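For clarity, every value in this text was computed on a predicted model and none was experimentally measured. Read the numbers this way: they start at 1 and go in the same order the structure lists the ligands and their atoms. Computation of the quantities below employed the complete heavy-atom set of this structure, encompassing side-chain atoms and omitting hydrogens, waters and symmetry-equivalent molecules.
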Amino acid sequence: MSTAFDLIVLGAGPGGYIAAIRAAQLGLKVACIDAWRNAAGGPAPGGTCTNVGCIPSKALLQSSEHFEHAGHAFKDHGIGISSLSIDVPTMQQRKAQVVKQNNEGILYLFKKNKVSFFHGTGSFIGGNAGSGWQVRVAGKDGAQDLVAPQVIVATGSVPRSLDGLAFDEKQVLSNDGALAMDVVPKTLGIIGAGVIGLEMGSVWRRLGAQVTLLEAMPDFLAAADAQVAKEALKQFTRQGLVIHLGAKITATKLGKTGVTLDWTDAKGQAQTLKVDKLIVSVGRKPNTEGLGAEAVGLQCDARGFIQVDAECRTNLPGVWAVGDVVRGPMLAHKAEEEGVAVAERIAGQKPHVDFNTVPWVIYTTPEIAWVGATEQQLKASGRAYKAGSFPFMANGRARALGDTTGFVKMLADASTDEILGVHIIGPMASELIAEAAVAMEFKASSEDIARICHAHPTLSESLKEAALGVAGRTLNL
Ligand code: FAD
Ligand code: NAI
């Protein structure tokens with residue numbers, strides 16, 4: 001006998017749990033199934049983001065930034081520390097506590113919104129749009145069957161490994177192992193200088209590891225604005241991250257005490273790198289394992305992503321998919337927006353997600369954040385634009401903070417002045433970018449931002465100054 005719901009959500013990452021809550025708010029009877037287990041085998045909703053992604057990485061970035069400030073920046077403020085040390089197990093315990101608070105928060109939200117939570121793996125076992133989709137939950141205490149006319153698949157993504165170099169999470173680490181080390185490795189190699197490589201590389205470098213990144217692409221951070229990427233490479237290199245671009249791994253060998261990599265550099269010269277630990281962060285792949293997609297004929301593309309239309313409909317009526325398991329950027333907030341929109345569509349509303357205003361953030365020091373088009377994209381598309389920029393060096397709050405690296409750059413249409421892209425590298429870029437996203441969502445012009453009163457002294461004045469710069473009239477530069 002199956003328990004009937006209006007909606008079954010498979011996965012309680014940011015895509016799934018947010019969709020479940022929104023659907024429940026709209027009056028649907030919702031089940032949400034999630035397989036993630038905590039160390040004790042209990043439920044740990046929140047997905048990759050909460051358990052081994054956004055949240056724990058930001059916890060470690062914060063701890064390691066405090067350590068770096070205490071070691072290098074405090075003395076400028078007249079604060080002396082005679083003996084500085086890092087207790088990595090305590091740092092990890094704090095991280096685990098932050099993760100646990102988030103897991104428990106989601107369980108509380110499910111209760112509050114009357115979402116029925118099932119801990120286990122959910123698989124399609126049959127059904128159709130007419131009689132409802134049958135989903136079996138295999139949990140600790142056996143199996144139970146659920147049925148609903150609507151299903152949202154939000155099963156997320158998993159790390160991609162390199163051929164012949166499986167993750168053992170001891171020497172060869174995915175994001176999981178990279179976040180869990182309880183000793184700072186002396187030497188750390190990272191394959192892939194993307195978002196995870198740079199964030200994790202920053203954490204362990206700040207704590208004392210000698211970090212080398214091998215990146216296959218000839219360009220650094222190719223998705224970012226080229227001027228931002230250039231500044232980032234300069235800053236990261238200055239901090240001590242060794243970054244090799246155009247690197248090709250030719251052989252890998254696991255030894256008792258480390259990993260040896262043979263690789264060729266951008267000039268084709270053979271090189272060898274021996275490291276205590278190796279993080280492989282070369283992207284992630286959609287996760288449809290155990291989903292039973294074949295049982296109902298749910299279509300995936302050649303790369304394994306569930307095929308969806310612009311509104312997240314799959315090939316099966318009543319079955320939707322959101323988040324990392326479908327096309328588009330693998331970002332928690334993109335997953336959430338899709339989850340909300342699908343819940344509202346199921347409830348008969350007509351929501352819209354604007355993928356052009358999804359912000360990107362890299363939580364390094366300096367932070368990097370952007371929304372909209374890069375300058376190189378505008379050039380390639382032939383769109384006429386004007387640019388304005390403002391360095392944090394000229395911002396009073398940044399000087400007071402002692403963090404004047406980087407700049408804000410605004411790109412606007414040459415004739416209409418509509419903001420087309422904003423690119424920030426510098427302090428609190430992750431927070432500052434929200435103003436740019438709001439402005440773009442409301443189709444603001446650069447003059448709109450330039451005429452808005454920004455509090456003084458704040459970092460946000462740099463955004464206003466960059467907007468003034470589009471018209472060639474910055475006031476503080
Ligand atoms: P997931 O979060 O992957 O959740 C999917 C859930 O479904 C999991 O709990 C999984 O166990 C469960 N599941 C899978 N199959 C089944 C099944 N058959 N039955 C039941 N349950 C199932 N993004 C940001 O926006 N900002 C960041 O700062 C950021 N930092 C990151 C740092 C790291 C190290 C990593 C790895 C990722 C980071 N991301 C970040 C990306 C972000 O984590 C993902 O984009 C986001 O988690 C995707 O959400 P999702 O709901 O699609 O999937
Ligand atoms: P990524 O796509 O950001 O970076 C992977 C890098 O590896 C790329 O630069 C790629 O060129 C390189 N690469 C691929 N194959 C290689 C090879 N064989 N040798 C050397 N380099 C190789 O992916 P990453 O860092 O694994 O992160 C996965 C996803 O998780 C990101 O795309 C992002 O969506 C999400 N994420 C988001 C964060 C944020 O929003 N702050 C933080 C961390 C992850």
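- Of the protein's non-hydrogen atoms, the one nearest atom 26 (N) of ligand 1 is Cys54 SG, 3.8 Å.
- Aromatic ring pairs are classed by plane angle as parallel below 30°, tilted from 30° to 60° and perpendicular above 60°; the pair Phe110 and Phe117 is parallel.
- At under 3.5 Å, not a single nitrogen or oxygen of Asn175, backbone or side chain, sits near a nitrogen or oxygen of ligand 1.
- Ligand 1 has no nitrogen or oxygen under 3.5 angstrom from a nitrogen or oxygen of Arg284.
- Shown in contact with Ile33 at under 4.0 Å from a heavy atom are these atoms of ligand 1, numbered in order with element: 20 (C), 21 (N).
- Every atom of ligand 2 is numbered from 1 in the order shown, and the set under 4.0 Å from a heavy atom of Leu331 is 40 (O).
- Proximity of Met200 to ligand 1, defined as any heavy-atom pair under 4.0 Å, is not found for any part of the residue.
- Under the 4.0 angstrom criterion, atom 32 (O) of ligand 2 counts as lacking any protein heavy-atom contact.
- At least one N or O atom of Asp34 sits closer than 3.5 Å to an N or O atom of ligand 1.
- Heavy-atom proximity to Leu214, at under 4.0 Å, picks out these atoms of ligand 2: 20 (C), 21 (N).
- Scanning all protein heavy atoms for the shortest distance to atom 10 (C) of ligand 2 gives Glu215 OE2, 3.5 Å.
- For the pair Cys49 and ligand 1, the shortest N or O to N or O distance falls below 3.5 Å.
- Closest protein heavy atom to atom 44 (C) of ligand 1: Asp324 OD2, 3.3 Å.
- What sits closest to atom 7 (O) of ligand 2 on the protein, heavy atoms only, is Gly192 CA, 3.3 Å.
- Residue-level proximity to ligand 2 for Asn175 is absent, since no heavy atom of it falls below 4.0 angstrom.
- Looking at atom 37 (C) of ligand 2, its nearest protein heavy atom turns out to be Val195 CG1, 3.8 Å.
- Annotation: Tyr363 places no N or O atom under 3.5 Å from an N or O atom of ligand 2; distance criterion only.
- Taking all atoms of both residues into account, the shortest heavy-atom contact from Ala19 to Ile152 is CB-CD1, 3.9 Å.
- Closest heavy-atom approach to atom 5 (C) of ligand 1 among the candidates Ala154, Ala35, Gly53: Ala154.
- Within a 6.0 Å radius of NZ in Lys29, other residues, nucleotides and ligands contribute more than 12 heavy atoms.
- At the shortest separation from atom 5 (C) of ligand 2 among protein heavy atoms lies Ser281 O, 3.4 Å.
- Proximity of Val52 to ligand 1, defined as any heavy-atom pair under 4.0 Å, is confined to the backbone N, CA, C and O atoms.
- Looking at Leu254 and Asp168, their side chains come closer than 4.5 Å, going by heavy atoms from C-beta outward.
- Near Gly47, the atoms of ligand 1 lying under 4.0 angstrom from a non-hydrogen atom of the residue are 2 (O), 4 (O), 8 (C), 9 (O).
- Not a single heavy atom of Lys248 sits under 4.0 Å from any atom of ligand 2.
- Across Gly15 and Ala154, no two heavy atoms sit closer than the pair C-CB, 4.1 Å.
- The shortest heavy-atom distance from Pro159 to ligand 1 is not under 4.0 Å.
- For the side chain to side chain contact (heavy atoms under 4.5 Å, CB included) criterion with Leu213, the lone passing option out of Leu188, Ile190, Leu245, Ile191 is Ile190.
- Every atom of ligand 2 with a heavy atom of Arg160 under 4.0 Å away is listed here by number and element: 14 (C), 15 (N).
- For the pair Met330 and ligand 1, the shortest N or O to N or O distance falls below 3.5 Å.
- Residue contacts with ligand 1: Leu331 is placed with a nitrogen or oxygen under 3.5 Å of a nitrogen or oxygen of the ligand (distance criterion only).
- Side chain of Gln134 to main chain of Gly127: no donor-acceptor pair is present (N/O by atom type, distance under 3.5 Å, no hydrogens or angles).
- For atom 18 (N) of ligand 1, the closest non-hydrogen atom of the protein is Gly122 O, 3.0 Å.
- Between Glu231 and Lys234 a salt bridge is recorded (basic side-chain N to carboxylate O distance below 4.0 Å).
- Scanning the protein heavy atoms around atom 2 (O) of ligand 1, the nearest turns out to be Thr48 N, 3.0 Å.
- In summary, the atoms of ligand 2 found under 4.0 Å from a heavy atom of Leu162, numbered by their order in the structure, are 18 (N).
- Within the structure, ligand 2 has Gly283 among the residues with a heavy atom less than 4.0 angstrom away.
- Using a 4.0 Å cut-off to heavy atoms of Tyr363, the atoms of ligand 1 that qualify are 28 (O).
- Annotation: atom 25 (O) of ligand 2 to nearest protein heavy atom, Ile196 N, 2.9 Å.
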**Report entry** Worked verdict on Gln92 versus Lys95 for side-chain hydrogen bond (donor to acceptor under 3.5 Å, both in side chains)
**Finding:** CA-CA 5 Å; Gln92 291 290 12; Lys95 178 206 78 180; 3.1 Å; yes
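- Among Gly13, Pro14, Pro43, Ser174, the residue whose heavy atom lies closest to atom 49 (O) of ligand 1 is Pro14.
- Look at Asn287 and you'll find a heavy atom under 4.0 Å from some atom of ligand 1.
- Distances below 4.0 Å separate heavy atoms of Glu199 from the following atoms of ligand 2: 41 (N), 42 (C).
- Atom 16 (C) of ligand 1 has its closest protein heavy atom at Thr155 CG2, 3.6 Å.
- Atoms of ligand 2 lying under 4.0 Å from any heavy atom of Ile191, numbered from 1 in the order shown and given with element: 19 (N), 20 (C).
- For Ala247, no nitrogen or oxygen atom sits less than 3.5 Å from a nitrogen or oxygen atom of ligand 2, counting backbone and side chain alike.
- For atom 35 (C) of ligand 2, the closest heavy atom belonging to the protein is Met330 O, 3.4 Å.
- For atom 51 (O) of ligand 1, the closest non-hydrogen atom of the protein is Gly15 N, 2.9 Å.
- Residue, atom and distance of the protein heavy atom nearest to atom 53 (O) of ligand 1 are Gly156 CA, 3.1 Å.
- Between the side chain of Arg206 and the main chain of Leu61, a donor-acceptor pair closer than 3.5 Å is present.
- Heavy-atom distances between Lys58 and ligand 1 reach below 4.0 Å in at least one pair.
- Of the possible donor and acceptor atoms, one in the side chain of Asp87 sits under 3.5 Å from a partner among the backbone N and O of Thr90.
- The distance from ligand 1 to the heavy atoms of Ser157 drops below 4.0 Å at these ligand atoms: 3 (O).
- Taking atom 39 (C) of ligand 2 as the reference point, the nearest protein heavy-atom neighbour is Val361 O, 3.4 Å.
- Taking every non-hydrogen atom of Met217 and a distance limit under 4.0 Å, the qualifying atoms of ligand 2 come out as 11 (O).
- Interface atoms of ligand 1 facing Gly323, defined by a heavy-atom separation under 4.0 Å, are 52 (O).
- Summary of contacts: the protein heavy atom closest to atom 24 (C) of ligand 1 is Ala332 N, 3.5 Å.
- The shortest N or O to N or O distance between Leu179 and ligand 1 is not under 3.5 Å.
- Ring-plane geometry between Phe220 and Phe236 is classed as perpendicular, the angle between the planes exceeding 60 degrees on a 0 to 90 degree scale with a lower cut at 30.
- Distances between N or O atoms of Ile362 and those of ligand 2 include no value under 3.5 Å.
- Of the protein's non-hydrogen atoms, Arg284 CD, 3.9 Å is the one closest to atom 29 (C) of ligand 2.
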